[in-house]
A.B. asks: 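Let me begin by handing over the structure; questions about it come next.
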Amino acid sequence: TQANDFSTVIITAGNNVSLNDTNALDIGASTVSGNLTVTANGDITDSGVITVAGAASFTDTASSSGITLDNGDDFSSGSGGGLSVNTAGGDVTITGETGGFTFNTSTVTGALTVTTSGSIGENSGQSVSVTGATSLDVGAGNNISLGSTSNDFGGTVTIVAAQDVTLADATNLTVAALSGERNVTLTSGGTMSVGSISASGLVTLNNTGTLNLGGDVTADGGFKQTGTGGVTFGSNRAIDTSGGNGVISFNGNISASSHD
């Protein structure tokens, strides 16, 4: 129950495990063959590797703390698995995760930072909502597939390293400069703001509101603006697909500003 008050919990072996703590909670090296559900009214941390074969859910109900999972944990992907992280005011940091994972519905009332050595996605019907900035690093050979149109990234999304990137936002989407990716697909239900893009494959931007291109675009596989919103360029901006003779196409009206 919520009246429990642990310091560090180690789960040597367990099938379905549920933990509730009235304060902060640390999880030591643990192996769960089923689902893991953790709720705490304070920081949730790990001091050992957490391995969960089923679905893992972490919820911090306090307004001034967050979730930090940085010990090389291993969460699962696909139906019956996945990871859900939820905060009431704090940040979520997941670093060193091995193998990649899929998100189940998550609400982060702060910033989200993910570093993993595998691809990340989201399970069918699930979505991710982040109030603050989002930073995603899956490594140059892995993919980011967060294409649910129910996602909501309130702050700037930064892709540190990835191969193919799919991002969607129900409202406005702001993405920092992209460099080194292959195929990039961005979708917004509102305005879309993107820095420079350098991709070896196809870049597809599907904007409902205005698309603001803040930098040059290099897309060897082609560039497609498929949304119904208009397109605004900063001054002296270029779209270059000559590296792969890719096509350039626009669906919305185009305008150019006189200065950056």
Side-chain angles (χ1 to χ4, degrees), residues 4 6-21 23-62 65-88 90-123 126-130 132-146 158-162:
N4 294 330
F6 304 110
S7 176
T8 296
V9 174
I10 297 174
I11 306 161
T12 304
N15 184 15
N16 294 320
V17 177
S18 180
L19 298 172
N20 290 272
D21 199 297
N23 289 303
L25 178 61
D26 176 71
I27 309 295
S30 297
T31 301
V32 177
S33 59
N35 301 327
L36 172 64
T37 302
V38 177
T39 303
N41 191 40
D43 288 311
I44 297 175
T45 57
D46 60 348
S47 56
V49 176
I50 303 172
T51 301
V52 183
S57 174
F58 298 87
T59 301
D60 177 8
T61 59
S65 53
I67 299 170
T68 301
L69 304 173
D70 59 359
N71 260 286
D73 303 316
D74 188 5
F75 302 114
S76 63
S77 300
S79 177
L83 173 66
S84 175
V85 285
N86 304 277
T87 61
D91 300 335
V92 172
T93 301
I94 303 166
T95 56
E97 197 277 341
T98 59
F101 61 88
T102 51
F103 278 105
N104 290 322
T105 294
S106 299
T107 301
V108 179
T109 314
L112 171 65
T113 301
V114 176
T115 304
T116 177
S117 58
S119 297
I120 62 172
E122 50 200 344
N123 288 326
Q126 308 299 299
S127 60
V128 177
S129 176
V130 183
T134 298
S135 176
L136 305 174
D137 182 355
V138 299
N142 300 308
N143 302 326
I144 296 171
S145 302
L146 300 177
T158 300
I159 307 299
V160 179

A.B. asks: I'd like to know if the side chain of N104 and the backbone of G81 have a donor-acceptor N/O pair within less than 3.5 Å.
C.D. replies: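 Answer holds: yes.
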A.B. asks: Can N4 and N20 be counted as having a side-chain donor-acceptor contact under 3.5 angstrom?
C.D. replies: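 Looking only at side-chain atoms, N20 and N4 do not form any donor-acceptor pair under 3.5 Å.
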A.B. asks: When T45 is tested against each of T93, T8, D70, D26 for side chain to side chain donor-acceptor pair (under 3.5 Å), which residue passes?
C.D. replies: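 Testing each of T93, T8, D70, D26 against T45, the sole residue satisfying side chain to side chain donor-acceptor pair (under 3.5 Å) is D26.
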A.B. asks: Without swapping roles, check the side chain of T115 against the backbone of T95 for a donor-acceptor pair under 3.5 Å.
C.D. replies: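 Absent.
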A.B. asks: What verdict does the side-chain contact (heavy atoms from CB on, under 4.5 Å) test give for F58 and V92, after you've listed the backbone C-alpha separation in whole Å, the side-chain angles of each residue and the deciding distance to 0.1 Å?
C.D. replies: CA-CA 10 Å; F58 298 87; V92 172; over 6 Å; no
A.B. asks: Under the 3.5 angstrom rule, does the side chain of S30 hit a backbone N or O of I50 as a donor-acceptor pair?
C.D. replies: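 Looks like no, no N/O pair under 3.5 Å.
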A.B. asks: Closer than 3.5 angstrom, by distance alone: can the side chain of N16 be matched with the main-chain N or O of N35 as a donor-acceptor pair?
C.D. replies: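 Yes: the side chain of N16 pairs with the backbone of N35.
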A.B. asks: Distance-only, no hydrogens or angles: does the S135 side chain make a donor-acceptor pair with backbone N or O of T113 under 3.5 Å?
C.D. replies: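 Here the side-chain-to-backbone pair does not exist.
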A.B. asks: How close do I67 and T59 get, counting heavy atoms only, and between which atoms?
C.D. replies: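 For I67 versus T59, the nearest heavy atoms are CD1-N, 4.4 Å.
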A.B. asks: For A111, give me all partners under side chain to side chain contact (heavy atoms under 4.5 Å, CB included), at least two apart in sequence or on another chain.
C.D. replies: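 Testing A111 for side chain to side chain contact (heavy atoms under 4.5 Å, CB included), a comparison that skips the adjacent residues, returns D91.
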A.B. asks: Going from OG on S76 to CG on L36, what distance comes out if it is rounded to the nearest 0.5 angstrom?
C.D. replies: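 So the OG of S76 and the CG of L36 are separated by 10.5 Å.
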A.B. asks: Which residue is it: T68, D73, L83, I120? I am looking for the one with a side-chain contact (heavy atoms from CB on, under 4.5 Å) to I94.
C.D. replies: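 Passing option: L83.
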A.B. asks: Taking D137 for the side chain and G139 for the main chain, is one N or O donor matched with an acceptor at less than 3.5 Å?
C.D. replies: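 Checking the backbone N and O of G139 against the side chain of D137, a donor-acceptor pair under 3.5 Å is found.
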A.B. asks: If we ignore hydrogens and angles and just use 3.5 Å, is the side chain of E97 paired with the main-chain N or O of F75 as donor and acceptor?
C.D. replies: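 Present.
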A.B. asks: Tell me if a side-chain donor or acceptor on N86 pairs with a main-chain N or O of S106 at a distance below 3.5 Å.
C.D. replies: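 A pair under 3.5 Å: no.
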A.B. asks: Checking S33 now: which residues fulfil side chain to side chain contact (heavy atoms under 4.5 Å, CB included) with it, not counting sequence neighbours?
C.D. replies: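 Result, side chain to side chain contact (heavy atoms under 4.5 Å, CB included) vs S33: N15.
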A.B. asks: Strictly distance-based, threshold 3.5 Å: is any side-chain N or O of D21 a donor or acceptor partner for the main-chain N or O of N23?
C.D. replies: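 Yes, because the side chain of D21 sits within donor-acceptor range (under 3.5 Å) of the backbone of N23.
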A.B. asks: Does any N or O in the side chain of T87 come within less than 3.5 Å of the main-chain N or O of T109, such that one atom is a donor and the other an acceptor?
C.D. replies: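 At least one qualifying donor-acceptor pair exists.
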